[in-house]
There are 2 protein chains.
Amino acid sequence: MTARSTSETARDIPEATVARLPVYLRALNTLADDEIRTCSSEDLASAAGVNSAKLRKDLSYLGSYGTRGVGYDVDYLRYQIAREIGVTQDWPVVIVGIGNLGHALANYSGFRSRGFHVVALLDADERRHGEHVAGVLVRPFDDLEAIVAEQGVAIGVIATPAAAAQDVADRMVTCGITSVLNFAPTVIAVPDGVDVRKVDLSIELQILAYHEQRKAQL
Amino acid sequence: MTARSTSETARDIPEATVARLPVYLRALNTLADDEIRTCSSEDLASAAGVNSAKLRKDLSYLGSYGTRGVGYDVDYLRYQIAREIGVTQDWPVVIVGIGNLGHALANYSGFRSRGFHVVALLDADERRHGEHVAGVLVRPFDDLEAIVAEQGVAIGVIATPAAAAQDVADRMVTCGITSVLNFAPTVIAVPDGVDVRKVDLSIELQILAYHEQRKAQL
DNA sequence: CTCGGTTTGTTCCCACGTTCACAAACTCCT
DNA sequence: AGGAGTTTGTGAACGTGGGAACAAACCGAG
Ligand SMILES: NC(=O)c1ccc[n+]([C@@H]2O[C@H](COP(=O)([O-])OP(=O)(O)OC[C@H]3O[C@@H](n4cnc5c(N)ncnc54)[C@H](O)[C@@H]3O)[C@@H](O)[C@H]2O)c1
Ligand SMILES: NC(=O)c1ccc[n+]([C@@H]2O[C@H](COP(=O)([O-])OP(=O)(O)OC[C@H]3O[C@@H](n4cnc5c(N)ncnc54)[C@H](O)[C@@H]3O)[C@@H](O)[C@H]2O)c1
């Protein structure tokens, strides 16, 4: 929508590519763990479960980081992708709604290992306050503003019931959060400039059911 | 890929539309709860968070279920979408890996209320066996084949660590499961005819981080 | 019955994404 | 140094999806 203003490295990476870069990064990490130092686009593509032409085009949006006739240096490419995504720095995250799902999320080790850091767990129910989950204290939801201001939090996770999700999102946006990951099964409205992604288990299952039903019709 | 063979109602609903139908269904359920009996495409579109032209086009793939000048009958449309997706019937589901996440999933009430039914919880760790989660017994992973055969399970959920996911998927496929929902942060390979959908928390966060970083660059 | 107002279903067009295919660029062997 | 073999980066063709716009269809009033 907005034209590139400065003459800087004005990259414009397609959204579909952005969504695959983390997959490539993970595949590269796996290769690095196996002490593989170089890989072809074919190798990496099959590890990531995509077409190799697509992979090469995706990587070409970042720059020319491969060597023709040779392939890609695993560590170098890993760093370039991590830098592009923005996970060379550490992102503070707050989780709101520490019920069944919130506990699982708080305990999830994949957070920290990938550039994210849970700085606060918040819940409206005072019976949950004081509990520690994965070493982090569960605090009142009303502490949100103070924590976001103090820690410079930009990313919030919503794991409350659907009925509370819009209110929680509004509070988050008001106090400066500009990226929201929503697990509640409801559409939340946010102003321009705020990104929302949703994770919806029952939608995923329903999509599977649709295809399952079609298979059964043959 | 395959041409329509019979002259039956050979629908060919675009994948993007299939992914939105559950959202419409949920929006319709909310309207019905509020005792709204009729709605326009504009109403439903805003409840679902999409463009009204897109909504109308999506619905047109199912048939002509609206009335020009009037709108859609909420209950009727609800039923038509549910039938199209395949959630008028009840789908048995098995969950494998009853750790942090598996517990949350097993406790999730949104399962049953949307046409899915957890028939078994399986885990390889025998210390977990015998426990009941949401009224369902945790059983040995080796019971998989028997359960799938007995109950006609077509959908499996993987909530094990990444290292075990491919093995679990292979076992599922071998015993007849044709739809897999994978929560483990790894790409799993399956034969043609088997659908896999993945839910990946850290990928979602990384996508948010990318956009967050771009915002910060201004 | 007719007319004005409303809303759907669909057509047309554009943007985005995917895949093929190949020239360019590199390595290695002789 | 030259040539064969390999692999990247990208141009071009194709397919899918999104949105504006409008004719067709319906309702209700008079
Ligand atoms: N459990 C799952 O596997 C699962 C799967 C998919 C989606 N979800 C969705 O995730 C959400 C959470 O699920 P859950 O099973 O953890 O529910 P839960 O009821 O166990 O937990 C919800 C928590 O949110 C807190 N809460 C309620 N209102 C709040 C508010 N206004 N501000 C702050 N905290 C508030 C509650 O006190 C509670 O601790 C639900 O929307 C659910 O539909 C859950
Ligand atoms: N916890 C989260 O919020 C979260 C979020 C995103 C993704 N994930 C992913 O979901 C998966 C599960 O996470 P978790 O936190 O529940 O882990 P967990 O370690 O708590 O639970 C894993 C369970 O799987 C069982 N298991 C291991 N190997 C098995 C096998 N071969 N067959 C059957 N069961 C087996 C283990 O006994 C354990 O009970 C992991 O891959 C994790 O990366 C978790």
Side-chain angles (χ1 to χ4, degrees), chain A residues 1-4 9 11-24 27-28 31 36-74 76-78 80-81 84 207 210-211, chain B residues 1-4 9 11-24 27-28 31 36-74 76-78 80-81 84 207 210-211:
Chain A
M1 216 56 75
T2 57
R4 60 214 143 92
T9 50
R11 322 255 168 71
D12 197 28
I13 300 184
E15 197 52 38
T17 297
V18 171
R20 282 188 295 266
L21 290 178
V23 180
Y24 303 155
L28 285 166
L31 293 178
I36 295 169
R37 317 187 71 96
T38 294
C39 69
S40 69
S41 64
E42 202 70 53
D43 297 338
L44 185 52
S46 79
V50 301
N51 183 300
S52 70
K54 181 151 63 179
L55 177 117
R56 288 199 299 278
K57 180 157 280 190
D58 284 342
L59 295 184
S60 76
Y61 291 113
L62 313 191
S64 280
Y65 296 136
T67 309
R68 296 174 190 220
V70 178
Y72 301 92
D73 182 283
V74 171
Y76 182 60
L77 184 57
R78 197 156 62 133
Q80 293 298 340
I81 294 178
E84 191 71 42
I207 294 170
Y210 169 79
H211 293 294
Chain B
M1 218 56 75
T2 58
R4 62 213 142 94
T9 51
R11 322 256 168 70
D12 198 28
I13 300 183
E15 197 52 38
T17 297
V18 171
R20 281 187 296 266
L21 290 178
V23 180
Y24 302 154
L28 284 166
L31 294 177
I36 295 169
R37 316 186 72 96
T38 295
C39 69
S40 70
S41 63
E42 203 70 54
D43 297 338
L44 185 52
S46 80
V50 302
N51 182 300
S52 70
K54 182 152 63 179
L55 176 115
R56 287 199 300 277
K57 185 180 277 192
D58 284 341
L59 294 184
S60 77
Y61 291 114
L62 313 191
S64 279
Y65 296 138
T67 308
R68 296 173 191 220
V70 178
Y72 301 92
D73 182 281
V74 171
Y76 183 59
L77 185 57
R78 197 158 59 135
Q80 293 298 340
I81 294 178
E84 191 69 42
I207 294 169
Y210 170 80
H211 292 296

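Numbers restart at 1 for each chain; the letters A, B, ... are given by sequence-line order, proteins then strands.
Under 4.0 angstrom from either OP1 or OP2 of D/dG9 there lies at least one side-chain N or O belonging to A/Y72.
Atom-to-atom, CG of B/D58 to P of C/dT10 comes out at 13 Å; the value is rounded to the nearest Å. Spacing between atom OH of A/Y61 and atom C1' of C/dC16 amounts to 9 Å, rounded to whole angstrom units. Here C/dT27 presents its C1' atom at 16 Å from CG of A/D73, a figure rounded to the nearest Å. Put simply, CG on B/L59 is 16 Å from C1' on D/dG17, counting in whole angstrom units. With rounding to whole Å, B/R20 atom CZ is found 11 Å from D/dT16 atom C1'. Between the CD1 atom of B/I13 and the P atom of D/dT16 there is a distance of 15 Å, given to the nearest Å.
Using a 4.5 Å heavy-atom cutoff, the side chains of A/T38 and A/D43 are not in contact. Side chains of B/I81 and B/L59 form a contact here, defined as non-hydrogen atoms less than 4.5 Å apart. Within the 4.5 Å cutoff, side-chain heavy atoms of A/I13 are placed close to those of A/L62.
Residues satisfying the side chain to side chain contact (heavy atoms under 4.5 Å, CB included) criterion with B/A45, sequence neighbours excluded, are B/V50, B/S52, B/L55. Under the side chain to side chain donor-acceptor pair (under 3.5 Å) criterion, B/S41 pairs with B/R56, sequence neighbours left out. A/Y72 meets the side chain to side chain donor-acceptor pair (under 3.5 Å) test with no other residue; sequence neighbours excluded. Partners of A/T17 according to the side chain to side chain donor-acceptor pair (under 3.5 Å) rule, which considers only residues two or more places apart in sequence or in another chain, are A/D58.
Of all heavy-atom pairs between B/V18 and B/P22, the closest is O-CD, 3.0 Å.
A donor-acceptor contact under 3.5 angstrom links the side-chain atoms of A/K57 to the base of C/dT19.
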Can you tabulate the close N/O pairs, meaning under 3.5 Å, that link protein atoms to atoms of nucleotides 26-30 of chain D?
residue : atom : partner : partner atom : Å
D/dC26  : O4'  : B/R68   : O            : 3.4

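Here CG of B/D73 is found 10.5 Å from CD of B/Q80. Values are rounded to the nearest 0.5 Å.
Of the candidates C/dG9, C/dT18, D/dG17, the closest approach to any side-chain atom of B/S60 belongs to C/dG9.
Contacts of residues 40-56 of chain A with DNA chain D (heavy atom under 4.0 Å): A/S40, A/S41, A/R56.
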